[in-house]
Amino acid sequence: MKTRLLLIALIVVLSATLIYLAAFWEPLPPATITAARPHARLAAAAKPAGGDFILQGPQGPVALADYRGQVVLLYFGYTYCPDVCPTSLALIAQALSGLEASERQQVQAWLISVDPQRDSAERLQEYAPFFHRTLIGLSGTPAEIARVAAQYGASYQAQPPNAQGQYSVDHSSATYLIDTQGKLALSLPHASTPAQILAAIRQHLAPVAVR
Amino acid sequence: MRLHPTLAVLATTLTALTLPLPTLASETDLSIIGAYVRMVPPGTPNTAAFMTIANSGSSNRKLLMAESPAAKRSELHTHINDQGMMRMRQVEAIEIKAAAHTELKPGGYHIMLLDLQQSLKEGDSVPLTLRFDDGSTKEIAAAVKKPQTVMKATDTPEHGAMKH
């Protein structure tokens, strides 16, 4: 008798579940999936201060302090990035191509890897010039990268690897512009057009307007 | 025994409608426009394919899967711009609504090609097989394009929009 009651109860519960699934259940849209994994601490800092740093370039250490008098563009990305980084770097490259030769000598663009585990200085050297011959990739220890990212308000988070051990890295996709005094002047949001990037560079290259 | 004329017409129409539709409709309702694969620097294992999928049919369709001999695996992905954080996520399907089109474009939906079997050069053609939820498939060839080339092509309408 007890077993029968239990069976009936089980059938009722299962049917209810089935009805619920059929009638109400909808797979989560992607936005909900990501919303379920918040990384509150990773939110870009409210007011990044910028500042000097030293990272590894293809020919050894590269220090921002050595670039006073130049406008420096910083982009945080990684070479295994399938879409966002190539898009952004192509936009930056197109802006660089729009500069006059005399202007170009006063501009330096750097790709800082947020995936130092896979991106060696050599790997970056293979990758960056594809977009523009003057684009240079910088790497460092995870701690060094984290410090520079925090200085500039960039954020990133490696995702869990798949069965093949591959992982993607979520990351902010702004381009930071450092003026000729070494100060963080502005950050250009993701998908800024070459014209917008070019205008921002020129604004900081141009000598102070005569009053 | 004779059928009522209306019934006869109805029966014929129904038969005509049901028989050819499931096979014919799926092959003609979807079209792929402007498919390309982005060229990436040498030694880069992953890239993405982009295109516009148009659905001229009267029912919603879903792209469920993509396959290509050029890559070990192909996955459907999207990007979510979460307050400036670009989060790439795999999706189960990409919907193409009835009488509408869905764009697979940089920063949004794309077919991610993982573990490229060989470096892709500009001008190469990448075969892709797309599988849809009605059981139909599409075989297409996507041209490999440098990111710069693609940018220039998409830049034009933006300039037009900038007029004051």
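Here the structure is a predicted model, which is why all the values come from computation and not from measurement. In what follows, chains are A, B, ... by sequence order, proteins preceding strands, each numbered from 1.
- Atom OG1 of B:T44 is separated from atom OH of A:Y127 by 6.0 Å, given to the nearest 0.5 angstrom.
- Note: A:D83 CG to B:R38 CZ = 4.5 Å, rounded to the nearest 0.5 Å.
- Distance check, rounded to the nearest 0.5 Å: CD of A:Q159 to CE of B:M88 gives 9.0 Å.
- Between A:D170 and B:R89, the closest side-chain pair of non-hydrogen atoms falls below 4.5 Å.
- Between the side chains of A:Q157 and B:R87, no donor-acceptor pair is found at a separation under 3.5 Å.
- Looking at A:A174, neither its backbone nor its side chain comes within 4.5 Å of chain B, counting heavy atoms on both sides.
- Residue contact with chain B, scored on non-hydrogen atoms closer than 4.5 Å, involves the side chain of A:N162 exclusively.
- We find the NE2-OG distance between B:H77 and A:S168 to be 7.5 Å, quoted to the nearest 0.5 Å.
- A 4.5 Å side-chain heavy-atom check between B:L114 and A:Q166 finds at least one atom pair inside the cut-off.
- Here the straight-line distance linking atom NZ of B:K105 with atom OG1 of A:T87 works out to 11.5 Å at 0.5 Å rounding.
- Within the 4.5 Å cutoff, the side chain of A:V169 has no heavy atoms near those of the B:M86 side chain.
- Interatomic distance, A:F130 CZ to B:M39 CE, rounded to the nearest 0.5 Å: 4.0 Å.
- Inter-residue side-chain proximity for A:S155 and B:M85 is flagged as met; some heavy-atom pair is nearer than 4.5 Å.
- More than 12 heavy atoms of other residues, nucleotides or ligands lie within 6.0 Å of CD in A:Q164, so this atom counts as buried by the packing criterion.
- More than 12 heavy atoms of other residues, nucleotides or ligands sit less than 6.0 Å from atom CD1 of B:I140.
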